[in-house]
Amino acid sequence: MRQVSHDSRIRFTNLVNFVNPVFVPAPNIDTIVSLAKRRGFVFPSSEVYGGLGSAWDYGPLGVELSNNIKQSWWRWLVYDRDDIEGIDSSIILNRLVWKYSGHEATFNDWLVDCRNCNDRSRADKIVDNKCPKCGASDFTEARPFNTMLQTRLGAVADDDPAAVAYLRPETAQGIFINFLNVQTTMRRKLPFGIAQVGKSFRNEVTPGNFILRTREFEQMEMEYFVSPTAEHSKLVDYWVEQYLEWFASLGLSRENLYLYEVPGEELAHYSKRTVDIMYRYFPEREKPWEELMGIAWRTDFDLSTHSKNKLDEEGKRINTDSTEDLSYFDEPTKQRFYPHVIEPAAGVNRTVLAVLMDAYSEKTNDKGETRVILKLSPQLAPIKAAILPLAKNKPEIVGMAKAIKRSLQPVLRAVYDDTGGIGKLYARQDEIGTPFCVTVDHQSLEDEAVTVRDRDTWEQERVKVADLAEHLQKRLKPYPIAVSEPQ
Ligand code: GAP
């Protein structure tokens, strides 16, 4: 006998109460902290020992989201373009790298202590000359605090200065010291870039705001090497535009991004121009913006400072320890020079947070019931398709659903879930951003077809199992980014 179709029942249980939904975006970071913990994106680190201020662990869904962001970045820069190579350098480098890069001398935060309550703050974060803790205006003189995290290498005495090493505060230096290795082995001519993604560490004085400012974080940095006579400022603009495109491909709304031309007095010691791309991390505040990434013209500072032949204005070698010269011979002009660098430097964690905030939406129905829908771009969604059996006590349906999950796995990340009623399962997948739910019902056993439900529209369509992988892949196609050459 023919089984009754449950198709129409599924459709109506999910749409009837949400006919005219009101969408609300993430009102603040705390909303994301709560979702992230509840649904397995990000957990406070070392929680069983009371936590460790500013450290966070990525859970089963968070690790997928952050990997998808890093993969999108790598594909876009290293694979889709023809002018960028990738590397993965060490986190701990020779200490001399940090001496000559200027970090030992200048990678400082300026600290002040409140004489009233002894609270310690960054001088540049004091607003209206008032202590953020007690409101008093009586501070000590500002003093520098180097924010590189130190460690010691080998079995040495605690106070042996020769054993001091640093955990890198930026991935960039690992690129500069490998400039010649990459250029010669890959037979590159200018302009070309080197990309690297990995952990960096800073002993931040005031970490906070979830994964926005932590002492251990991940960066995606690219150093783009060009001639000293190139139009550097135009190239900064070019990379700003390229990154705006990439952020759009990740689903970030343009109105949540803001370009900040860093004024001269705020520029890092190596930079002649920097544009920060800011994100609206604090929609509830009068000043909602915080840096998502920066694009800097680093001049020839880094390659020349690490080179043995570079002389200062008095004709003295600026680096008496280097054994290499990181200059470049330009065949067409027969000239040797230190290339200039345009550096787009982005944070993985800040991108994860921006993506979660932009994707967050709440649907509320007439009765005031609220559902969270995470409208992640399909390429970033931790799970692309959830395969749900309509009846978990029917072995044939369960078997068919599990077989579909296994068959999809080689082409896209799919999960099987039977831990609740269909309404609950849909709600859970909406909340973690799964673009498609695939329901196997009684009719599926007969017609070899399943119901595919769209996360954003909640529309459903019947698709043959044989066509399912192709159908989903077509709808999961990433946003196309136009790759253009710098002019
Ligand atoms: N190589 C240049 C450089 O490191 P930066 O502006 O200091 O520049 C680049 O860092 C990006 O790294 C920032 O825009 C931010 O996204 C991320 N970042 C920096 N410090 C961070 C921290 N303490 N926690 C999380 N992300 C951080």
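All ligand and atom numbering here is 1-based and tracks the order in the structure.
With ligand atoms numbered from 1 in the order given, ligand 1 contributes 1 (N), 2 (C), 3 (C), 4 (O) to contacts under 4.0 Å with heavy atoms of Glu221. Close approach of ligand 1 to Ala345 (heavy-atom distance below 4.0 Å) involves ligand atoms 2 (C), 9 (C), 11 (C), 14 (O). Of all the atoms in ligand 1, the ones that sit under 4.0 Å from a non-hydrogen atom of Tyr270 are 2 (C). In summary, the atoms of ligand 1 found under 4.0 Å from a heavy atom of Thr214, numbered by their order in the structure, are 22 (C), 23 (N), 24 (N). For ligand 1 and Glu343, the ligand atoms under 4.0 Å from any heavy atom of the residue are 1 (N), 2 (C). For ligand 1, the atoms lying closer than 4.0 Å to a non-hydrogen atom of Glu291 are 6 (O), 13 (C), 14 (O). Heavy-atom proximity to Met293, at under 4.0 Å, picks out these atoms of ligand 1: 14 (O).
Under 4.0 Å is where a charged nitrogen must lie from a carboxylate oxygen, and between Asp237 and Arg273 at least one such pair does. Between Arg143 and Asp113 a salt bridge is recorded (basic side-chain N to carboxylate O distance below 4.0 Å). The pair Arg202-Glu216 does not meet the salt-bridge criterion, since no charged nitrogen lies less than 4.0 angstrom from a carboxylate oxygen. A salt bridge between Arg39 and Glu431 is present, with a side-chain N of the basic residue lying under 4.0 Å from a carboxylate O of the acidic one.
The aromatic rings of Phe179 and Phe225 are tilted relative to each other, their planes meeting at an angle between 30° and 60°.
Only the backbone of Leu212 comes within 4.0 Å of ligand 1, counting heavy atoms alone; no side-chain atom from C-beta on gets that close.
Because its NZ or CZ atom is not both nearer than 6.0 Å to the ring centre of Phe329 and within 45° of the ring axis, Arg336 does not count as a cation-pi partner of that residue.
Inclusion of Gly347 in the set of residues having an N or O under 3.5 Å from an N or O of ligand 1 is warranted.
Partner Thr434 forms a side chain to side chain donor-acceptor pair (under 3.5 Å) with one of Arg455, Gln429, Arg428 and no other, that one being Gln429. Screening Trp246, Trp297, Tyr224 for a ring-ring contact (aromatic ring centres under 6.0 Å, His included) with Trp239, the sole residue that qualifies is Tyr224.
For atom 18 (N) of ligand 1, the nearest non-hydrogen atom of the protein is Phe217 CE1, 3.5 Å. Atom 16 (O) of ligand 1 has its closest protein heavy atom at Leu292 O, 2.8 Å.
Remark: among candidates Glu223, Arg202, Gln219, the nearest residue to atom 9 (C) of ligand 1 is Gln219, based on non-hydrogen atoms.
Between His306 and Gln173, the closest heavy-atom pair is NE2-OE1, 2.8 Å.
For Arg298, the closest heavy-atom approach to ligand 1 falls below 4.0 Å.
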